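Presented below is the structure to which this report refers.
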Amino acid sequence: MRLKKIHHIAVICSDYQKSKDFYVRILGLTPACEVYREDRDSYKLDLEVGGHYQIELFSFPNPPARLSYPEAAGLRHIAFEVDDIEEAVKELENHHITVEAIRVDPITSKKFTFLTDPDGLPIELYER
């Protein structure tokens, strides 16, 4: 087997409209396809990052909370590449999003920071 690339990342949210607003209006991801699956009482929103389909946003009735602290085994966070991290942080703060202090990766010397989505999912911004 030869894996070629990551196809998509699935995110389950507790409040679909709030999370849709966060990912679309605040983070600027582009909706590609939105469907309501009546049999599951669930929305599925395909989102594009930089013109490529990469994230599926799901809603389900009463999903359990995600453990972030202490960090649990499994996938840790989603990371997005940005051209200018200071500009990205200012834009997020203008939307009243709390962002951690910008740090520098000691291995790559690249700047990065973290924020969370409405359900506490850690999101990293990494300057290219």
Side-chain angles (χ1 to χ4, degrees):
M1 171 179 13
R2 183 173 163 257
L3 301 178
K4 296 172 83 176
K5 64 180 181 177
I6 293 174
H7 186 267
H8 70 271
I9 298 163
V11 175
I12 297 173
C13 63
S14 64
D15 182 325
Y16 180 71
Q17 294 304 326
K18 187 175 183 179
S19 290
K20 178 182 175 181
D21 180 67
F22 175 80
Y23 283 97
V24 173
R25 187 177 62 83
I26 295 175
L27 292 187
L29 304 185
T30 303
C33 180
E34 180 178 38
V35 295
Y36 178 72
R37 302 172 310 170
E38 190 171 343
D39 59 321
R40 296 180 178 193
D41 190 21
S42 169
Y43 280 95
K44 177 183 179 282
L45 176 62
D46 297 339
L47 296 165
E48 293 181 352
V49 181
H52 301 282
Y53 158 68
Q54 292 187 335
I55 295 182
E56 292 179 341
L57 181 64
F58 288 96
S59 68
F60 293 107
N62 306 309
R66 177 189 190 279
L67 293 177
S68 289
Y69 300 101
E71 291 190 70
L75 294 175
R76 185 170 185 225
H77 62 265
I78 297 173
F80 295 106
E81 181 180 290
V82 296
D83 289 326
D84 184 328
I85 201 157
E86 283 88 0
E87 180 182 310
V89 168
K90 284 179 192 172
E91 198 171 314
L92 289 164
E93 289 174 341
N94 286 340
H95 288 287
H96 308 289
I97 303 296
T98 301
V99 182
E100 292 180 7
I102 295 171
R103 295 178 272 166
V104 176
D105 185 316
I107 297 168
T108 66
S109 300
K110 300 287 186 173
K111 296 177 189 175
F112 70 99
T113 189
F114 280 89
L115 60 137
T116 60
D117 82 350
D119 287 301
L121 174 66
I123 296 174
E124 180 181 5
L125 298 181
Y126 199 89
E127 191 172 80
R128 66 181 204 135

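This is a predicted model, so every value here is computed, not measured.
Taken together through direct or relayed side-chain contacts under 4.5 Å among Ile, Leu, Val, Met, Phe, Trp and Tyr, L57 and L121 form part of one hydrophobic cluster. Residue V24 is grouped with residue I78 when hydrophobic side chains (ILVMFWY) are merged at heavy-atom distances under 4.5 angstrom, including chains of intermediate members. Hydrophobic clustering of Ile, Leu, Val, Met, Phe, Trp and Tyr side chains at less than 4.5 Å, counting indirect connections, keeps Y43 apart from I12. I97 and I85 fall within the same hydrophobic cluster, defined by Ile, Leu, Val, Met, Phe, Trp and Tyr side-chain heavy atoms under 4.5 Å apart, directly or through other members. The cluster map of Ile, Leu, Val, Met, Phe, Trp and Tyr, joined by side-chain heavy atoms under 4.5 Å apart, puts F58 and L29 in different clusters.
For H8, the ring pair (Phe, Tyr, Trp, His ring centres under 6.0 Å) test picks out Y53, with sequence neighbours left out.
Here F114 is tied into one hydrophobic group with F112, Y126, each link being a pair of ILVMFWY side chains closer than 4.5 Å.
The pair E124-R76 fails the salt-bridge criterion, with no side-chain N (NZ, NE, NH1 or NH2) lying under 4.0 Å from an Asp/Glu carboxylate O.
Remark: R37 CZ is packed, more than 12 non-hydrogen atoms of other residues, nucleotides or ligands lying under 6.0 Å away. Enclosure of atom CG in D39 by more than 12 non-hydrogen atoms of other residues, nucleotides or ligands within 6.0 angstrom is indicated.
Across all their heavy atoms, C13 and D119 have their closest contact at CA-OD2, 3.2 Å. Minimum interatomic distance between P122 and H77 (heavy atoms only, all atoms of both residues): O-CB, 3.2 Å.
Here the straight-line distance linking atom CD of E93 with atom OG1 of T98 works out to 8.5 Å at 0.5 Å rounding. For the atom pair CG (D83) and CD (E81), the distance works out to 7.0 Å, reported to the nearest 0.5 Å. Taking CD from E127 and OG from S109, the interatomic distance works out to 12.0 Å, rounded to the nearest 0.5 Å. Considering CD1 of I26 and CG of N94, their distance stands at 11.0 Å, rounded to 0.5 Å.
Using a 4.5 Å cut-off on side-chain heavy atoms (C-beta onward), Y23 and V11 make contact. V99 is not listed as a side-chain neighbour of L125, based on a closest heavy-atom distance of 4.5 Å or more. In this structure, the side chains of F22 and D15 stay at 4.5 Å or more apart for every pair of heavy atoms. I9 is not listed as a side-chain neighbour of Q54, based on a closest heavy-atom distance of 4.5 Å or more. The side-chain heavy atoms of L47 and L27, taken from C-beta on, include no pair separated by under 4.5 Å.
If you run side chain to side chain contact (heavy atoms under 4.5 Å, CB included) between V89 and each of T113, L115, D84, only T113 comes through. Applying the salt bridge (charged side-chain N to carboxylate O under 4.0 Å, His left out) test between K44 and each of E34, E56, E38 identifies E56 as the sole match.
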